[in-house]
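Structure record follows, encoded as structure tokens.
Positions are given from 1 along the sequence.
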Amino acid sequence: MNKDRFVVSALVDFPDDYREIVFTAELVDHLIDRLQWMGATRVYWNFYQDGVSEYFSLNTMARETLADLGQPVAVGARAAHERDMEFFATIKPYETGASHSTPKNSPTILATPGLPGIGGVYVVDEWVRARPELRLKARAADLPLGLESVPVRRIQLRQKDMTPIRIRPAQLEIWTSEDNVGYKKKAVPFSVSESVDTCPRDVVQMHGDPVTSKGDSVRVLDLTGLDLLDPFVAVTTSFEDDKGTFANTAFEMVRVFGPDDRPIPIVVASHKAAWRPDRDFRTGDLEYDAGAGDEVVRLDVTNSRPIPSEWTGSEAPSPDGVVAFARGRNELLSGSVCEAYPEVREYWLDWVGQCIAAGVDGVDVRISCHSSWTNTPEIYGFNAPVAREYERRYGSNPDREPYDPKLLGALRGEFFDMFLRSAKTRLSAAGRLLSVHTEMESFRPDASQRRRRTRPGNIEFDWRGWLRSGLADETTLFARGWDPDVILADHLVREMLWEADAAGVPVHLSRQVGHGDMSNGDKLEYAYRHGGLAGYCFYETAAMYDPDGPLDDQGQLRFKPGLLEEIRERVESLGLMTR
């Protein structure tokens, strides 16, 4: 492989491609043909294990596609190699299940059994379903028991600032549910008082925008005289307009107290959710502990017309009208497994083996995933092998005693590196390459909540060690929200590029198609002319299809007008076209 050339590539996240299209081998050929015509000389393809494909196959398009193709990675590799293109599989070790729950009697769960959580059932792959204890475990000291029998005596609602509160006591309502499927208004008496309190911490919303600073004064409503044992409790108002001002993150808005005014640990919910966002607590379920707790909620607006959240900013109009809570914490993270178990690392290595058997030229390892989302990532990762090794080294059990988060994170990173070293050995023996994701958006101390949720908490991924040690043959500089001009000016990215250059590791920048202010051609050209990069990846092919219909009258793929043409023209103008 010529390391001096600039590689234009595209990534196929195939479940998104076959969401609305039944793919045949011929249609995969057509996709690869069009990518090559565009100017790509390499294809990345997200690998999914059989257990995750089982979940995808609930969709008719997916079921027919997978029945016809078998393992899609093998089909994609064949198509790429027939056209003299390189082919890398991308694996996501921590993606072994969904981080959003589904009602236990829903068609999805009846078709594909899952594992129980506070708000419903989590769909996980069949290997994890048989070994649920291997998922990332909550710290025992942060996991109080017996909360189901503790009555709620006081609910505190906290506003983000000192804006006058327009909510009157008669306008507050309490709704409850036994199973988080349809809430009913509860005729329960309570008293309401208003006061001013001090914000105890800096509060930021999902994208990192500030909401309230530590020490700021905020207005507070206290609902007292309660005696609630219901599993799920929602607080709402009788307003029928969208002019509300009582706002805060859901996580910060509600606090709950039991007998003797002792705080009760809770998970929170609102109408906002990343998956199945069109929620209505009156008839359906709410999403608890799926990472959206840092979204800003407005309480004093209508709740009868919930508007789906598109990860709106803190000041954008996104009516909610409800904030809800359930007691406790999920003992095990929904869908991600712990790297400290040898059987987990072997499971991941089996994926690498499947990719080698499929004929890939390399495997690219990506950390970020859809399975690690939680509002409290800092309490997970205290599984027995981690706790034992930490205690052996440092003399205390982090599961129950005080611990150093940096030491714990570094220790877990060592366990993950065991997998990478084994993967490297297996790939090298087969003459294949190991690429690793250097994820500039989540591998940083100032990562936004949204990017932090995409990876497990309490672990330090030693990307510098991956580059310096020769472990990585290549690396993918992975970013979702920033354009190349911002990415390549970032201080952490500059350090990543310096480390990679010093180690002689080629760097490929991966950026979403259609997102940001720059055109796709401009993104490519900026990355090429910057220097220090070995390639640019257009992520992902599903974003390239024509929104008016992904197939033409002849059953061939139809792309957004001018998109492939713009990229091809830029590839040619830069002298990067190889055929």
Please report the C-alpha distance between Tyr341 and Glu346 in whole Å, then the side-chain angles of each, then the deciding distance to 0.1 Å, and finally whether the side chain to side chain donor-acceptor pair (under 3.5 Å) criterion is met. CA-CA 9 Å; Tyr341 294 107; Glu346 283 298 322; over 6 Å; no

Specify the closest pair of heavy atoms between Leu434 and Lys424, including all atoms of both residues, with the distance to one decimal.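 That would be CD2-CB, 3.9 Å.
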
If you take all heavy atoms of Arg19 and Asp16, which pair is closest and at what distance?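 Closest heavy-atom pair between Arg19 and Asp16: NH2-OD1, 2.6 Å.
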
Determine, using ring centers only, whether Tyr528 and Tyr526 are less than 6.0 Å apart. no

Kindly state whether the ring of Tyr545 and the ring of Phe559 have centres lying under 6.0 angstrom apart. yes

I'd like to know whether Asp125 forms a side chain to side chain donor-acceptor pair (under 3.5 Å) with Tyr347, so could you lay out the CA-CA distance, the side-chain angles of the two residues, the decisive distance to 0.1 Å, and finally the verdict. CA-CA 12 Å; Asp125 81 24; Tyr347 183 45; 2.8 Å; yes

Examine Arg511 relative to Tyr536 and say whether NZ or CZ is less than 6.0 Å from the centre of the six-membered ring and inside a 45° cone about the ring axis.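 No, Arg511 does not sit over the ring of Tyr536.
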
Using the six-membered ring of Trp348, assess whether NZ or CZ of Arg345 lies under 6.0 Å from its centre and within 45 degrees of the ring axis.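 Cation-pi check for Arg345 and Trp348: fails.
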
Greater than 12 external heavy atoms within 6.0 Å of [X]'s [atom1]:
X: Trp498; atom1: CH2; value: no
X: Glu569; atom1: CD; value: no
X: Glu20; atom1: CD; value: no

Could you tell me how the ring of [X] sits relative to the ring of [Y]: parallel (under 30°), tilted (30 to 60°) or perpendicular (over 60°)?
X: Phe87; Y: Trp45; result: tilted
X: Tyr539; Y: Phe478; result: perpendicular
X: Phe416; Y: Phe461; result: perpendicular

Any side-chain heavy-atom pair from His508 and Cys537 closer than 4.5 angstrom?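 No. Closest side-chain heavy atoms not under 4.5 Å.
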
Do the side chains of Leu551 and Arg558 get nearer than 4.5 Å, heavy atoms only?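 A side-chain contact under 4.5 Å is absent here.
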
What is the distance from atom CZ of Arg568 to atom OG of Ser573, rounded to the nearest 0.5 Å?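 Atom-to-atom, Arg568:CZ and Ser573:OG are 12.0 Å apart.
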
Can you list the steps and then say if Phe14 with Phe23 is a ring-ring contact (aromatic ring centres under 6.0 Å, His included)? CA-CA 10 Å; Phe14 203 42; Phe23 266 82; 5.0 Å; yes

Going through the distances and angles, do Glu339 and Arg412 end up as a salt bridge (Lys or Arg N to Asp or Glu O under 4.0 Å)? CA-CA 7 Å; Glu339 64 293 316; Arg412 288 186 56 205; 2.8 Å; yes

Test log, rule side chain to side chain donor-acceptor pair (under 3.5 Å), inputs Glu287 and Ser101: CA-CA 7 Å; Glu287 187 67 86; Ser101 62; 3.1 Å; yes

